[in-house]
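First listed ligand is number 1; within each ligand, the first listed atom is number 1.
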Amino acid sequence: MSNLYSVGLGVGTQNQNGEWLEVFYPAPLLNADAAMGDALAAAGYQGGNAALEIDTQVMADLAATLKNTGQEEQANIAEQLSNSERPLVLTVLAEDNAPASTPEAYLKLHLISHRLVKPHGTDLSGIFGLLPNVAWTNEGAIDLAELPERQLQARLKGQLLEVSCVDKFPKMSNYVVPAGVRIAHTARVRLGAYLGEGTTIMHEGFVNFNAGTEGPGMIEGRVSAGVMIGAGSDLGGSASTMGTLSGGGNIIISVGKECLLGANAGIGIPLGDRCTVEAGLYITAGTKVQLLDDQGQKVEDVKARDLAGKSDLLFRRNSSTGAVECRTNKNAIALNEELHANN
Ligand SMILES: CC(C)(COP(=O)(O)OP(=O)(O)OC[C@H]1O[C@@H](n2cnc3c(N)ncnc32)[C@H](O)[C@@H]1OP(=O)(O)O)[C@@H](O)C(=O)NCCC(=O)NCCS
């Protein structure tokens with residue numbers, strides 16, 4: 001059998017109809033080799049992209065095969081999963097195609113949050129349709145149709161079923177906490193976010209799926225779906241990055257290295273390296289911008305989209321004239337070492 005794009009041994013939750021609500025993959029694999037493929041074939045995998053529900057005996061046999069072929073890490077996971085009282089799944093992606101099932105969608109989100117692929121690095125087409133909207137509770141994921149009954153059952157036992165959110169995406173930290181990050185409010189980071197080493201997400205910060213940070217960096221604003229923030233950049237309190245999921249925008253927003261988006265600032269264009277956006281200034285692609293020279297004299301008028309991806313720029317709104325201005329950024333930021341130390 002040839003190499004595989006990804007393999008995940010997982011345990012998850014199903015509703016009363018046996019439909020998957022979510023899957024946890026403790027150690028997803030990217031680029032599994034042919035030996036792994038052969039071991040999986042013995043567990044019933046017949047090629048292509050597939051999510052196979054398997055029982056504890058098949059998982060135990062798989063653990064033994066993996067061990068015999070020297071694949072210790074996955075053997076160890078399979079051995080632990082073989083004691084499960086919850087449904088087990090073997091998800092294999094031969095190719096990086098659009099996900100076709102809930103377990104496949106969850107495996108792809110895991111690949112990003114485990115830092116095995118970067119945002120935009122795996123095909124997530126159609127993912128919304130594959131993720132059920134779920135009540136995330138202190139008893140795990142619950143199908144919304146089954147929630148009233150579960151709430152009543154808990155009350156009758158004198159307990160409270162805590163519903164912490166109702167969403168298609170769970171919080172990332174209930175699946176993986178990558179090394180070297182701080183997340184002040186875990187509900188603000190969805191599974192499928194990519195947090196590079198040295199990233200701090202403050203309470204007001206938010207990171208959507210297929211988006212994230214190279215790290216290090218301080219995020220006190222919102223990183224929308226599809227947006228990537230470069231190393232050493234800082235999103236100030238409530239700063240906003242424009243996503244492409246709604247509103248017709250089709251430019252993929254990104255922020256380069258060592259940029260500062262001031263508090264309440266926002267961008268609808270990608271920024272290059274060492275750019276600063278003044279607190280409170282929202283630049284959209286069509287914003288008219290006056291380019292200034294070193295003496296502060298206007299050189300020309302451009303649209304912000306013409307400056308997309310350019311480095312060493314400072315954007316501000318002239319508080320006397322109201323015009324948005326852009327000049328060379330002479331004071332590229334240095335992250336506050338003390339604030340940004342993660343460990
Ligand atoms: C845009 C910004 C970076 C400019 O800061 P700066 O480079 O230190 O500039 P200064 O405030 O020293 O101002 C330099 C000059 O420009 C002028 N100036 C600054 N902003 C101006 C504006 N919006 N309109 C007109 N003049 C302005 C100043 O009055 C000063 O004039 P002077 O030379 O005559 O004294 C800063 O205002 C800012 O918004 N920082 C963001 C901080 C932030 O939000 N961090 C995140 C926290 S959560």
Is the closest basic N to carboxylate O distance between [X] and [Y] below 4.0 Å?
X    : Y    : value
E258 : R274 : no
D293 : K298 : no
D312 : K330 : no

Any idea which atoms of ligand 1 are less than 4.0 Å away from a heavy-atom of [X]?
X    : value
S319 : 22 (C), 23 (N), 24 (N), 25 (C)
G237 : 48 (S)
A263 : 43 (C), 44 (O), 46 (C)
G262 : 41 (C), 43 (C), 44 (O)
T276 : 3 (C)
R317 : 22 (C), 23 (N), 24 (N)

Would you say the side-chain atoms of R190 and N208 include a donor-acceptor pair closer than 3.5 Å?
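R190 vs N208: donor-acceptor pair found between side chains.
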Does a donor on one side chain and an acceptor on the other come within less than 3.5 Å for T56 and S82?
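Absent: no donor and acceptor within the cut-off.
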May I ask whether [atom] is less than 4.0 Å from at least one protein heavy atom?
atom                    : answer
atom 46 (C) of ligand 1 : yes
atom 5 (O) of ligand 1  : no
atom 1 (C) of ligand 1  : yes
atom 23 (N) of ligand 1 : yes
atom 11 (O) of ligand 1 : no
atom 14 (C) of ligand 1 : no
atom 28 (C) of ligand 1 : no
atom 18 (N) of ligand 1 : yes

Would you check if L195 and T213 make a side-chain contact, meaning some heavy-atom pair closer than 4.5 Å?
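Of all side-chain heavy-atom pairs linking T213 with L195, at least one is under 4.5 Å.
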Which residue supplies the protein heavy atom nearest to [atom], what is that atom called, and how far is it?
atom                    : answer
atom 42 (C) of ligand 1 : L260 CD2, 4.1 Å
atom 8 (O) of ligand 1  : N331 ND2, 5.0 Å
atom 38 (C) of ligand 1 : A279 N, 4.0 Å

Could you check whether the rings of H114 and H110 sit parallel, tilted or perpendicular, using 30° and 60° as the cut-offs?
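Rings of H114 and H110: parallel, as their planes differ by under 30°.
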Grab the two heavy atoms, one from G212 and one from V207, that are nearest each other, plus how far apart they are.
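Taking G212 first and V207 second, the nearest heavy atoms are CA-CG1, 3.9 Å.
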What closest approach, in Å, do C259 and V255 show between heavy atoms, and which atom pair accounts for it?
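It is CB-CG1, 3.5 Å.
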Look at atom 16 (O) of ligand 1 and find which of R316, E325, K330, E204 reaches it with the closest heavy atom.
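Minimum heavy-atom distance to atom 16 (O) of ligand 1 goes to R316.
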Test applied, side chain to side chain donor-acceptor pair (under 3.5 Å); reference residue, Q14; option that passes from E19, E53, R86:
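It is E53, the one option of E19, E53, R86 that forms the side chain to side chain donor-acceptor pair (under 3.5 Å) with Q14.
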Does the gap between the ring centers of Y106 and F169 come in under 6.0 Å?
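Centroid separation for Y106 and F169: 6.0 Å or greater.
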For ligand 1, the portion of E278 having any non-hydrogen atom under 4.0 Å away:
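Near ligand 1, E278 shows its backbone as well as its side chain.
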Derivation and outcome, side chain to side chain donor-acceptor pair (under 3.5 Å), residues T137 and E139
CA-CA 5 Å; T137 79; E139 291 182 10; 5.5 Å; no
